[in-house]
Amino acid sequence: QVQLVESGGGSVQAGGSLRLSCVASGHIYSDDCMGWFRQAPEKKREEREGVAAISPGGGSTDYADSVKGRFTISRDNAKNTLDLQINSLKPEDTGMYYCAASRWSCGSTWAAWWRYQFWGQGTQVTVSS
């Protein structure tokens, strides 16, 4: 069993920054693809948006077009942590942010929520204009 716990969310003004963190415990393997997703208030789980993913060794990252240049994903396998640095926040970035782990490689479908077997409870990010 894998447990993921996110932290770092909050309420900020547009243009601000946040750093989200996720701590993993349980049977996390170094070859797991890790990702961050977000879910807007009116959206269903199936509509979660993949914002970033990182390969097991951290050498490869993927980002949604809407966040490229503003979000940076990183991981520390020795500490079982996953971070998301968010800069230049916009109101449309508002949502619940989830950390997720997949036993499959990231691949071209990294942003598909159904590829991830393990999820955290989420941390809320609210951006005001």
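Side-chain contact, Ser25 with Gln3: a donor N or O sits under 3.5 Å from an acceptor N or O. Side-chain atoms of Ser11 and Gln124 include no donor-acceptor pair closer than 3.5 Å.
Looking at every heavy atom in both residues, Cys33 comes nearest to Pro56 through N-CG, 4.4 Å. Of all the heavy atoms in Leu84 and Ala52, the pair that sits closest is CD1-CB, 4.2 Å. Across all non-hydrogen atoms, the minimal contact from Gly59 to Ser55 is N-OG, 3.3 Å. Counting all heavy atoms, side chain and backbone alike, Tyr116 lies closest to Gly35 at CE2-N, 4.0 Å. Contact between Ser102 and Gln117 at its shortest, heavy atoms only, is CA-OE1, 3.2 Å. Looking at every heavy atom in both residues, Arg38 comes nearest to Ser66 through NH2-OG, 3.5 Å.
Take Thr81 and apply the side-chain contact (heavy atoms from CB on, under 4.5 Å) test, not counting sequence neighbours, and it matches Val23, Asp76, Lys79. Every ring-ring contact (aromatic ring centres under 6.0 Å, His included) that Trp119 has, sequence neighbours left out, goes to Phe37. Every residue was checked against the salt bridge (Lys or Arg N to Asp or Glu O under 4.0 Å) condition with Arg48, not counting sequence neighbours, and none meets it.
Here the straight-line distance linking atom CZ of Arg19 with atom OG1 of Thr72 works out to 8.5 Å at 0.5 Å rounding. Rounding to the nearest 0.5 angstrom, the gap separating the CE atom in Met34 from the CG atom in Asn77 is 9.0 Å. Distance check, rounded to the nearest 0.5 Å: CD1 of Ile54 to OG of Ser74 gives 6.0 Å.
Without hydrogens or angle criteria, Glu6 side chain to Gln121 main chain gives a donor-acceptor distance under 3.5 Å.
The shortest side-chain heavy-atom distance between Met96 and Pro41 does not fall under the 4.5 Å cut-off. In this structure, Pro91 and Ser129 have side chains that are in contact, with non-hydrogen atoms separated by less than 4.5 Å. Looking at Val125 and Thr94, their side chains never come closer than 4.5 Å, going by heavy atoms from C-beta outward.
Here Asp93 does not pair with Lys90 in a salt bridge; the nearest charged N to carboxylate O distance is not below 4.0 Å. Using a cut-off of 4.0 Å between Lys/Arg side-chain N and Asp/Glu carboxylate O, Asp32 and Arg103 are scored as salt-bridged.
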Report task. Starting from the C-alpha separation in whole Å, work towards a yes-or-no answer on side chain to side chain contact (heavy atoms under 4.5 Å, CB included) for Val12 and Leu18. Result -> CA-CA 8 Å; Val12 297; Leu18 285 172; 3.8 Å; yes
Query raised in the report: How far apart are the C-alpha atoms of Thr123 and Ser7, what are their side-chain angles, what is the distance that settles it, and do they pass the side chain to side chain contact (heavy atoms under 4.5 Å, CB included) test?
Result: CA-CA 6 Å; Thr123 185; Ser7 63; 5.6 Å; no
Report task. Please report the C-alpha distance between Trp36 and Ile73 in whole Å, then the side-chain angles of each, then the deciding distance to 0.1 Å, and finally whether the side chain to side chain contact (heavy atoms under 4.5 Å, CB included) criterion is met. Result -> CA-CA 8 Å; Trp36 284 97; Ile73 189 172; 3.6 Å; yes
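Counting non-hydrogen atoms of other residues, nucleotides and ligands closer than 6.0 Å to CD of Gln13 gives a total of 12 or fewer. Within 6.0 Å of atom CD in Glu92, more than 12 heavy atoms from other residues, nucleotides or ligands are found, so the atom counts as buried in its surroundings.
Applying the disulfide (SG to SG under 2.5 Å) test to every pair with at least one member in residues 61-102, sequence neighbours left out, gives these pairs: Cys22-Cys99. Applying the salt bridge (Lys or Arg N to Asp or Glu O under 4.0 Å) test to every pair with at least one member in residues 114-129, sequence neighbours left out, gives no pairs at all. For the ring pair (Phe, Tyr, Trp, His ring centres under 6.0 Å) condition, no pair includes a residue of residues 71-114, sequence neighbours left out.
Among Ile86, Leu89, Asn87, the one residue that satisfies the side chain to side chain contact (heavy atoms under 4.5 Å, CB included) test with Ser17 is Asn87.
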